[in-house]
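Small disclaimer: the values here were computed from a predicted structure and weren't measured.
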Amino acid sequence: MSLYYVQKLLYQLNRDPAIRKRFEESRDDLLAEYQLTDEERDAIVDGDIGLLYVMGVNGQLLMHYAALIGQEWDQYINAMKEGVEKHGPVREGLYTLLEDRSR
Amino acid sequence: MSLVFAGVCSHAPGITGRAHRADPAVRDAFYAKLGEMRERLEAARPDALIIVAAEHFANFFMNNMPAYCMGMAESYEGPIEDEEWLGIRHTTVPGDSDLSRRIIESMMGDIDLAYAEEWKFDHGIMVPLNFLTPRYDLPVIPVNVNCQGPPLTPLPRAYEFGRVLRRACDAQAERIALVGTGGISHWPATPNSGVINEAWDRDFLERFVANDRERLIAYTDAETFRDAGQGGFEIRTFITVAGATEGSTGELMFYAPIPIFAVGCTVATMNLA
Ligand SMILES: [Fe+2]
């Protein structure tokens, strides 16, 4: 697990158009600069919001990333719920302590 | 001159970005109170607005996270978010680097704050500005209190930061307004989005308008996380405003949970003593 680097990449994608351009045009070079597992790399490339949530990505980073890749609000909220159903509880970070109050 | 205005308001991105999905009656009542807050701000004839925000990884990350940072740029840009998603156009917001520098220098005698000559605004600042300075014609000085990446500054330090900020403002020739923006209880950007602990919020707001320091700083982060969600960590911005207006009480102008905005929507101003 290298949650720190997953989050760092999302942080930079969210705020910096130049990093977004590199992500589009020379993705392998860009990703080589971050210490990512294959699962983490795939989750980012696939825009797998549910899995990124389960990995423990901070919600604010993830919300901005979901908006960046064009996910509608309800789709984005459901993706997190489906991620937990599919991959199990959040693995790392603050949300490991989160109680489900949504139902 | 001194601090001429102080208040707090919510900043959740849904307030502008999902406006069409809210109950129009409650939404419009909230917007009306934000409009009233703008009128009070304008009536105070400020030369600059200090906005104490809890940003969401627009500028600061865990590679180098300041507990407190103040902007010292000539101008700022934002939002970092997609314009359509947030419902706010990308723009440039004027700053006042000279005033920033004087305030920072004044504060450094008492508190170690970071400064930044580059700063991109996210919804945490853009949503309040959208209502309070919609023409972006008032110089803004951003302040960030880290409420996102623990370890977080303890609540008594946030109050103290506010006190020091006040002394620095009072030492300047300019008329300065202060707005804090954050929480209160909410679970933003999680599957619990839309959950709001109204009882907790009302209790917190009662402490806030009374400017009851002891009760404002009485929460542990574990309690806040349990009762008010991660978004509750943003009470630090309100507590900073309370510290900056110690001895004054506030007026709660509006509070109502609006679930699609994912927060209990709040507007309050302080009656500066
Ligand atoms: Fe926030």
Open item on the list: Below 4.5 Å, heavy-atom pairs only: which of A:K8, A:R15, A:Q7 has the largest tally toward chain B?
Closed with: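 Looking at each option in turn, the highest pair count goes to A:R15.
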Task: When A:Y53, A:Y4, A:W73 are compared by non-hydrogen pairs under 4.5 Å with chain B, the top option - done: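 Counting heavy-atom pairs under 4.5 Å, the top option is A:W73.
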In Å and rounded to the nearest 0.5 Å, what is the [atom1] to [atom2] distance from [X] to [Y]?
X: B:T190; Y: A:L62; atom1: OG1; atom2: CG; answer: 10.5 Å
X: A:L97; Y: B:R226; atom1: CG; atom2: CZ; answer: 12.0 Å
X: A:R101; Y: B:I196; atom1: CZ; atom2: CD1; answer: 12.0 Å

Where is the tightest heavy-atom contact between [X] and [Y], given as atom of each residue plus distance?
X: B:F61; Y: A:Y11; answer: CB-CE2, 3.5 Å
X: A:G59; Y: B:A189; answer: O-CB, 3.1 Å
X: B:P191; Y: A:K81; answer: O-CE, 3.5 Å

Open item on the list: Just so I understand: if I count every heavy-atom pair under 4.5 Å between each of B:M62, B:H123, B:Q230 and chain A, which residue has the most?
Closed with: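 Among B:M62, B:H123, B:Q230, the one with the most close pairs to chain A is B:Q230.
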- [ ] Could you tell me which of B:N63, B:D82, B:N59 has the largest number of non-hydrogen atom pairs under 4.5 Å with chain A?
- [x]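 That would be B:N59.
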Task: Contacting region of B:Q148 [heavy-atom separation from chain A under 4.5 Å] - done: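 Both backbone and side chain of B:Q148 come within 4.5 Å of chain A.
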Task: Region of B:F233 in contact with chain A, defined by heavy-atom distances below 4.5 Å - done: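 For B:F233, side-chain heavy atoms alone lie under 4.5 Å from chain A.
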Task: side chain to side chain contact (heavy atoms under 4.5 Å, CB included) assessment of B:F57 paired with A:N14 - done: CA-CA 9 Å; B:F57 303 110; A:N14 287 340; over 6 Å; no
Chain B contact via [X] - side chain, backbone, both or neither, heavy atoms under 4.5 Å:
X: A:L98; value: both
X: A:Y76; value: side chain
X: A:L68; value: neither

Decide if atom [atom1] of [X] counts as having more than 12 heavy atoms of other residues, nucleotides or ligands within a radius under 6.0 Å.
X: B:Y115; atom1: OH; value: no
X: B:E83; atom1: CD; value: yes
X: A:Q75; atom1: CD; value: yes

Open item on the list: Applying side chain to side chain contact (heavy atoms under 4.5 Å, CB included) to B:W187 and A:E99, what does each step give before you reach the verdict?
Closed with: CA-CA 11 Å; B:W187 283 257; A:E99 285 171 54; over 6 Å; no
TODO: Indicate yes or no: at least one non-hydrogen side-chain atom of B:P13 is less than 4.5 angstrom from one of A:M63.
DONE: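 With C-beta onward as the side chain, the pair touches.
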